[in-house]
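To find a chain, count down the sequence lines: A is the first, B the second, and so on, and within it residues start at 1.
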Amino acid sequence: MSMKDTDKKERAVKYKWGMVIDLDRCTGCGACVVACHAENNVPFVGKELSGYGRAMHWIRIERYWEGEYPHVRARFIPVLCQQCNNAPCEPVCPVYASYHNAEGLNAQVYNRCVGTRYCANNCPYSVRVFNFFEPSFPEPLDQQLSPDVTVRTKGVMEKCTFCIQRIRRAKETARLDGRAVRDGEIQPACAQTCPPDAIIFGNLADPKSRVFRFSKSPRRFRLIEDLGTDPSVIYLKGGGHEHVR
Amino acid sequence: MGIKRRKFLQLTGLTAAGTMLSSCGKGTEKLIPFLIPPDDGSIPGVANYFASACRQCPAGCGILVRVAEGRAKKIEGNPLHPVNKGKICARGQAALQDLYHPDRVRQPMKRVGAKGSGEFTPISWDEGLSLLLEQLNDLKKQGHADRLLFMTPRLQGTLSELVWSFMSVYGSPHHLAYEMLNTESYEQANVAVCGRGDVPDYDLEKTQYLLSFGADFLETYLSPVRYGNAFGKMRQSRPTIRGAFTYVGARMSMTAASADRWLPVNVGQEGVLALGMARLILEQGLYSREMVKNVEGNPEVWMKKLSDYDLHSVAERTGLAPEEITSIARDFATIQPSLALVGDSVVFQSNGQDAVQAIQFLNLLVGNVGQPGGLLFCSPPVGQGSTSSFANLLSKVDALERDEFHLALVYRTNPVHGLPSAIRFQEAFKRVPFVVSFSSIMDDTAMHADLILPDHTDLESWGDVVPWVGAHSQVTGILQPVVNPLYDTRSFGDVLLAAARGLDGEGEKVLPYKNYLDMLKQRVQRLIDGSSDTASEKNWVEILQRGGLFEQEEAVLDVPQKKGVSPVPVREPYFEGNKEAYPFHLALFASPVIYDGRNAHLPWLQEMPDPMTTAVWGAWVEINPKTAESLGIKHGDLVMVESTQGSVQVPAVIFPAIRPDTVAIPMGQGHHGMGRYADKVGVNPLGLLAPVMDKEHVLPAWGATRVRLTRISDKGDLTVMGHPEGSYRGELLEI
Amino acid sequence: MSMSDEEDLTPEKVEAVQQDLTSSMNPPTWKWFLLSGFLGLVVIWGAIAWGYQIRMGLGVAGINLPVMWGFYIVSFVFWVGLSHSGTMVSAILRLTKAEWRRPILRGAEAMTVFAIMVAGTFPLIHLGRPWKLLYFLPIPNQRGLWPNFRSPLLWDIMAITVYIIGSSLFLYLGMLPDLAIVRDRSSGWRKKLYSMLAMGWRGTAHEWRVFARASTLMAVLIIPVAVSVHSIVSWDFAMTLVPGWHSTIFAPYFVIGAIFSGVAAVITLMVIIRKAFHLEAYLRPIHFDNMGKILLTVSLLWSYFYFAEILTTWYGHKPIEWEVFIFTGEKYCFLLGLMVLGNSFITIPALCFKRIRRSVPAMLLISLFVNVGMFIERFLIIVPILSHRNVPFIWGDYRPTWVEVSIMVAAFAGFALLYTLFAKFFPIVSINDMLEGEHFKSEARLGRAKLKTIITDE
Amino acid sequence: MSNRVEILGLYKDLETAAAAAEALVQGGFSEKEITSISSGPYPDGVIVKDEGRSFLRWISLAGGMMGAGFGFLLAAGTAWLYPLHTGDKPIISLFPVGIITFEFMMLFAILGTIGGMFLEMGLPGFKNKVYDPGISQGLIGISVSCQDGAQQNKAVEILQGAGAVKIRNEGQP
């Protein structure tokens with residue numbers, strides 16, 4: 001197959017990346033948080049800054065308490081960039097640092113970002129984090145930094161990318177093989193590490209994909225759905241007392 | 001994970017992986033066009049995956065390490081590994097920072113300042129080794145070979161063999177493989193009930209009703225990744241079945257948070273609850289008749305033995321409502337397969353043995369032992385070293401106090417931080433004239449050493465790992481160096497082999513290996529075919545590419561062999577400190593993030609919020625809101641926690657899911673040393689623990705201390721990621 | 001000398017008026033140097049603080065997740081607000097031919113220009129990477145990208161640029177004949193400077209007529225610009241989905257708020273100018289009285305808008321909006337109280353009394369109170385609302401740092417310095433406007449009384 | 001026009017200045033040739049009459065239209081040239097384009113007004129036109145444009161006759 005044909009074929013494939021997070025499986029263990037740090041060169045900031053809203057986690061596990069002792073419950077919900085289709089963060093950026101790419105991703109172009117932090121204010125999920133200082137990776141911790149991902153400089157907004165470097169890699173491989181990306185071929189770091197397999201990633205435009213099937217679960221809901229942001233992250237409701245037989 | 005990981009088996013042949021990767025050098029300040037590829041075959045921008053094994057905790061998961069340009073970039077689970085199936089936990093992910101920690105011991109060091117001052121001077125390996133040999137040989141010459149104490153964690157595979165051989169060659173019986181979260185108690189109890197002295201595997205995946213008595217299997221208990229994965233499947237992988245999960249324990253752990261139902265039982269009364277349930281099951285005839293036949297039991301005799309455990313008194317002792325007890329008893333017996341787990345908060349009580357036996361009896365009663373979805377005792381893993389007993393530890397402390405040890409070698413364990421001071425270990429340990437540490441980081445124990453001969457970190461070493469559980473037969477993960485050693489460190493195995501060679505005596509004969517790798521290869525070959533040859537190069541490369549030997553048999557469902565089992569009454573637990581002066585139980589728990597403190601030096605983990613409290617970078621004490629209110633304590637206040645043994649000052653976390661008569665502190669923080677990210681972060685609560693024991697069985701009761709709380713100030717220096725009030729306002733998100 | 005003397009406008013009298021009105025331009029005394037030196041030092045300190053922030057990163061300011069905007073944006077909105085009334089009041093008064101406007105105009109217009117300049121620096125200061133400022137500008141470039149005109153921030157930049165240009169021209173336009181006067185009264189380099197600025201103005205009848213036409217036209221044009229500027233500033237907030245910001249009332253509410261704080265600031269400045277340059281004869285109680293009436297009106301309007309805004313939140317009781325509301329009330333109770341007192345409960349009753357409106361100290365007090373209240377209002381719109389956004393888990397807190405406070409104080413100093421310098425170089429009260437008033441003044445006999453009359457064009 | 005000169009007479013007050021203007025008209029000078037120079041404005045006709053037509057508003061309007069066009073092209077055109085999706089907003093969004101169009105319309109209208117004003121005034125003019133600093137001090141000047149020679153003398157005569165404090169010729173320092 002000639003290169004041109006493969007290109008055409010590749011372009012014919014529609015991708016719309018999405019994620020399903022099954023809260024009934026999620027145990028709140030935090031493996032995704034560290035995996036994301038490692039994969040995306042997310043810096044750590046230390047105690048003082050963490051305590052003042054400057055932690056850089058791209059994914060965080062929110063823990064909500066319900067009820068009172070002894071009828072108390074803790075609920076975990078991993079919150080990462082919801083990759084909204086109607087992303088409120090995008091149009092407010094004056095320099096197009098935040099825009100929507102053709103595969104439904106909410107792209108953030110670090111080197112265009114001037115740091116108005118407008119996007120962070122307009123993100124209803126507050127998942128955008130800002131480099132308040134130059135990130136520090138004391139030697140030789142810097143040797144761990146992934147060459148596939150930029151290290152962001154101070155004054156720049158950043159957030160979850162759905163591990164776009166992995167998407168790119170898989171698409172390149174697929175293109176060389178003259179095929180579409182297979183279902184399950186791409187796994188963001190969080191989904192890959194998740195011990196209870198609570199995170200499913202895939203192509204929502206493909207009705208045969210796992211993520212598509214799970215996204216139609218009756219347990220589905222999306223975060224603050226009434227805002228109309230149309231997120232690409234779909235949660236499946238977790239259980240509770242009511243589920244015990 | 002249904003798909004095959006793309007080309008991770010393209011793991012290039014790596015016979016000498018360690019020697020291949022040479023691009024770690026410094027001084028790449030100029031951009032040099034890439035014309036001639038480097039000899040090692042690494043291509044910039046193209047990463048290689050190397051299979052290895054994780055040693056961050058005893059679970060022994062398999063990992064894949066992504067290496068680009070000679071540097072380790074990312075750790076992922078090995079999908080072929082039967083224990084973790086391609087998944088890996090936060091601690092496993094963070095092993096990268098163990099490798100690249102800025103405060104590693106970069107070459108051998110000799111103490112120059114006062115003992116414990118942490119002042120060292122770098123020396124060469126020659127000097128370091130000769131210092132070690134001098135000590136060893138002097139002692140031996142004087143005929144005091146038994147004055148050598150070797151401290152390690154529970155060892156596995158080749159290392160276990162090596163240390164055992166070394167000690168026997170040298171002539172000292174004093175190899176202490178003890179760490180605080182020991183499995184000894186489980187093993188003893190299992191012998192009593194099931195006739196098997198190993199740790200069973202739990203078939204969570206297939207179970208339909210899970211009952212955990214303080215077993216935090218999703219965070220620290222045995223094999224969290226394995227059980228985490230199985231838990232996910234238990235909940236949602238079966239089309240019409242969602243496994244139910246009830247947790248019994250005084251504090252809601254992360255695991256308990258995933259339960260459908262949390263029963264805050266009185267501390268130390270879990271065994272009573274189990275027996276009460278057993279009685280109800282017997283009363284209602286819901287027990288497994290087949291199982292009773294198997295163990296030749298007599299339900300009527302059992303009933304009689306359980307006469308004290310009527311619903312009313314059990315409800316009173318456990319502090320639970322009778323309806324709750326009946327409902328879980330009925331569910332446990334009728335929703336099959338069911339499974340009861342028992343964990344550290346139950347075991348480490350003065351009646352822990354009784355409780356474990358009671359709970360295992362409960363499993364037995366409804367037929368959960370040796371059944372799919374139940375407790376599996378399989379053929380014991382080959383190469384799992386043994387652990388020392390608590391009694392052994394105590395006798396070692398006595399010996400230390402009598403100055404019976406002149407030389408101590410410490411490998412991969414940090415007893416100065418990790419043992420409760422009430423057993424007097426720390427004081428006694430300071431009396432050892434010469435301490436050699438093999439730590440790759442300047443941890444609390446290394447600070448007290450006279451000589452440090454730094455080991456490689458896991459990602460630079462050869463080694464083998466035998467998983468604790470879940471290895472139904474011969475599963476051995478192989479560690480291989482994925483990068484060149486960063487510093488002038490040496491593999492502990494090689495150092496010990498060199499030491500053995502340098503001994504005056506037969507060291508050479510017993511340990512005739514060229515090097516540690518040689519020894520490892522021979523062992524692997526032995527595992528494959530029992531021969532004593534070195535593994536052939538081809539086999540070896542295949543094993544390395546896979547990440548180890550995974551010859552998984554179908555789980556052998558051993559039905560318990562022990563006959564004449566009968567329920568044993570649960571003794572009343574004893575607690576140190578009287579109720580008036582010390583009104584609260586102290587529940588210490590292994591941190592889901594840094595376990596017992598061995599991972600505290602990794603900044604990713606320090607910055608990863610504790611799942612329940614969302615606290616980062618420190619320790620805290622969890623207090624029920626009602627209790628806190630009555631003591632005038634607010635979120636973040638500095639609180640003094642006092643026991644009969646000592647006191648610590650620690651910030652308060654108002655924790656709605658803990659019994660009002662209990663407070664909890666995580667283990668693992670409060671290091672002195674261990675690098676910049678752990679040093680003096682948080683407090684170490686082990687100093688609070690009273691030396692309570694189950695005297696009958698000589699087992700520790702770490703959960704038997706009572707404490708009191710005093711508010712000191714509002715400056716607790718607590719950092720939580722979740723807003724204290726916002727954490728109660730989940731309804732705003734409509735989740 | 002007093003303007004109320006009922007003589008004809010003789011050269012002597014003109015001379016006297018000019019003397020009075022250019023008194024601020026007399027050679028500086030040591031006091032002036034002391035004042036400007038001090039202000040200059042404060043500005044330099046602010047610049048150092050900013051330099052430190054650029055060097056270290058924005059982390060030296062108190063912003064965080066979720067409060068991504070703090071004192072800088074509060075200051076920005078505050079200064080844009082101040083800049084409002086200058087030009088707007090001046091334009092409206094010109095158009096309505098309010099005779100008492102004459103001594104106020106110049107000061108108000110100058111305030112606009114300097115306040116908007118100060119305001120304009122804040123978005124720059126608040127940027128994470130201010131050295132990438134060029135990315136904002138629609139300049140063809142190798143990046144092949146343009147700024148995003150869908151972003152309210154870009155509307156902001158455009159509107160503020162237009163407003164800076166427009167209000168500067170408006171100020172200059174009004175000053176043109178005065179520049180000719182000072183040209184004729186000065187010598188040396190100053191004469192050259194003023195000659196350049198006066199552009200050869202002579203004062204022919206034709207020039208005066210064109211000038212009058214242009215002034216009216218500019219007044220007409222500048223009002224919509226002013227309204228648009230503050231509307232757009234409000235849309236920076238209202239265009240978001242942030243509960244508490246996303247509100248249709250924001251644009252008019254902000255415009256009124258801006259006029260409110262602006263009018264108060266004009267009053268404050270009137271008091272200061274009057275005292276500093278001994279212009280008691282020109283800025284008389286009548287001026288304070290009239291400004292007081294305007295302030296009263298605007299205060300009533302502001303209170304009305306505030307009430308409408310609160311009422312809808314309270315009645316609608318949408319959980320997250322209500323949460324923000326309650327949080328503000330609890331955590332910022334004191335500030336909230338101060339704001340409501342300053343903006344409504346003290347101002348409105350007090351300004352109903354003519355005696356208070358005519359009392360200079362009382363007006364100073366009230367105007368300061370209003371501006372403190374309006375500063376708090378901006379703070380309360382930005383900080384508490386950002387503190388408690390949709391996701392309760394990351395609710396947070398905001399504590400301004402020394403860097404932010406320094407820069408904020410430096411902004412006040414910078415404004416004062418610019419104003420001081422302006423007054424030193426240019427007539428701070430419009431001479432030609434004053435003289436025009438005199439020219440048009442006449443007296444008429446009505447019965448037994450002699451009444452002042454004003455001749456108008458129509 | 002090269003041989004036309006301007007002659008300026010300075011008067012102490014409005015009445016004498018007005019009388020001088022009146023005298024000039026009586027003396028045969030047209031209103032067009034006479035103008036007043038003063039430091040303050042006087043309503044038209046008080047001293048002299050200015051009969052020129054003004055195009056100022058039209059210039060402003062033209063500026064505004066140009067600005068609107070420019071603003072529209074900038075906002076809509078660049079968005080169209082570089083179509084990047086943001087949120088659910090169309091590439092060429094009506095409201096933002098409207099706002100930018102409005103701002104530029106106002107800017108150009110303002111610039112047009114100021115520019116137009118100077119154009120109509122004939123400024124900037126730094127050539128030595130007849131002027132006297134005394135005007136700034138309250139004197140009112142009546143200037144008349146006349147031919148060399150006889151007409152010039154006549155003008156001087158009339159101006160002087162009306163009680164001028166001073167007479168100045170064009171070019172006189």
Side-chain angles (χ1 to χ4, degrees), chain C residues 8-15 18 138 144-151 154-155 158-159 161-162 165-166 169-170 172-173 177 180-181 183-185 195 199-214 217-218 221-222 224-225 228 232 431-432 435-436 438-440 455 457, chain D residues 12-14 35-44 47-50 52 54 56-57 60 71 74-75 78-79 81-82 84 86-87 89 93 96-97 99-100 102-104 106-107 109-111 113-114 116-118 120-127 129 131 133-139 141 143:
Chain C
D8 272 347
L9 202 64
T10 59
E12 291 76 34
K13 192 174 163 191
V14 169
E15 170 62 21
Q18 290 184 4
L145 282 172
W146 290 83
N148 177 9
F149 285 103
R150 276 157 275 171
S151 166
L154 221 67
W155 312 346
M158 295 299 155
T161 311
V162 172
I165 295 173
L169 288 175
F170 194 52
Y172 173 69
L173 175 64
I181 291 173
R183 172 192 66 198
D184 295 346
R185 293 174 63 89
S195 300
M199 296 223 174
W201 170 274
R202 289 189 298 164
T204 64
H206 179 66
E207 280 169 6
W208 278 116
R209 262 195 77 197
V210 176
F211 174 77
R213 264 192 224 116
L217 204 51
M218 276 295 277
L221 290 175
I222 207 79
V225 173
S228 80
I232 288 172
I431 304 168
N432 68 76
L435 289 176
E436 184 187 40
E438 292 300 315
H439 292 165
F440 290 0
I455 303 159
D457 262 343
Chain D
K12 254 194 138 147
D13 57 20
L14 174 64
T35 186
S36 64
I37 303 182
S38 59
S39 64
Y42 291 93
D44 197 34
I47 303 174
V48 293
K49 286 191 183 119
D50 178 32
S54 171
L56 191 53
R57 278 155 216 221
S60 296
L74 184 68
T78 60
L81 276 175
Y82 300 96
L84 284 180
T86 60
K89 307 280 180 290
S93 308
V97 168
I99 288 168
I100 300 296
F102 171 80
E103 292 299 335
F104 275 95
M106 296 315 286
L107 178 64
I110 286 171
L111 292 175
T113 307
I114 297 292
M117 178 188 83
F118 281 123
E120 281 203 355
M121 283 180 181
L123 296 182
F126 296 108
K127 273 189 284 174
K129 283 193 175 164
Y131 185 67
I135 289 166
S136 284
Q137 278 138 28
L139 294 177
S143 112

Exercise for the section: Just give me the residue among C/A180, C/G166, C/A159 that pairs up with chain D most often, heavy atom to heavy atom, under 4.5 Å. Expected result: C/A159

Exercise for the section: Heavy atoms only, distances under 4.5 angstrom: which of C/S151, C/A214, C/P147, C/P177 has the most pairs with chain D? Name it, please. Expected result: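 Among C/S151, C/A214, C/P147, C/P177, the one with the most close pairs to chain D is C/A214.
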
So for [X], is it side chain, backbone, both, or neither that comes closer than 4.5 Å to the heavy atoms of chain C?
{"X": "D/S93", "answer": "side chain"}
{"X": "D/L84", "answer": "both"}
{"X": "D/I100", "answer": "side chain"}

To the nearest 0.5 Å, what is the distance between [atom1] on [X] and [atom2] on [Y]?
{"X": "C/I222", "Y": "D/T113", "atom1": "CD1", "atom2": "OG1", "answer": "9.5 Å"}
{"X": "D/M117", "Y": "C/R213", "atom1": "CE", "atom2": "CZ", "answer": "12.0 Å"}
{"X": "D/L107", "Y": "C/M158", "atom1": "CG", "atom2": "CE", "answer": "10.0 Å"}
{"X": "C/N148", "Y": "D/Y82", "atom1": "CG", "atom2": "OH", "answer": "14.5 Å"}
{"X": "C/M218", "Y": "D/L56", "atom1": "CE", "atom2": "CG", "answer": "10.5 Å"}

Handout entry: Contact check, side chains of D/T78 and C/P138, non-hydrogen atoms, under 4.5 Å
Key = no

Handout entry: Top contributor to chain C contacts, counting heavy-atom pairs under 4.5 Å, from D/A79, D/P96, D/S60, D/G87
Key =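 Going by pairs under 4.5 Å, I would pick D/P96.
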
Problem - Leading residue by heavy atom contact count with chain C [cutoff under 4.5 Å; candidates D/L111, D/I99, D/V97] - result: D/I99

Handout entry: ring-ring contact (aromatic ring centres under 6.0 Å, His included) against C/W155, all qualifying residues, sequence neighbours excluded
Key = none

Handout entry: Partner set under ring-ring contact (aromatic ring centres under 6.0 Å, His included) for D/F102, not counting sequence neighbours
Key = none

Exercise for the section: For D/M106 and C/L221, work out which heavy atoms get closest and say how close. Expected result: CE-O, 3.1 Å

Practice task
Would you name the heavy atoms of C/V162 and D/E103 that are closest together and state the gap between them?
Solution key: CG2-O, 3.6 Å

Problem - Test side chain to side chain contact (heavy atoms under 4.5 Å, CB included) applied to C/V225 and D/I110, step by step - result: CA-CA 10 Å; C/V225 173; D/I110 286 171; 4.2 Å; yes

Problem - Which atoms of C/Y172 approach chain D - backbone, side chain, both or neither, heavy atom under 4.5 Å - result: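 For C/Y172, the contact with chain D is made by the side chain alone.
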
Handout entry: Engaged part of C/L169 at the chain D interface, taking heavy atoms whose separation is under 4.5 Å
Key = both

Exercise for the section: Walk me through it: do D/I37 and C/E207 pass the test side chain to side chain contact (heavy atoms under 4.5 Å, CB included)? Expected result: CA-CA 9 Å; D/I37 303 182; C/E207 280 169 6; over 6 Å; no

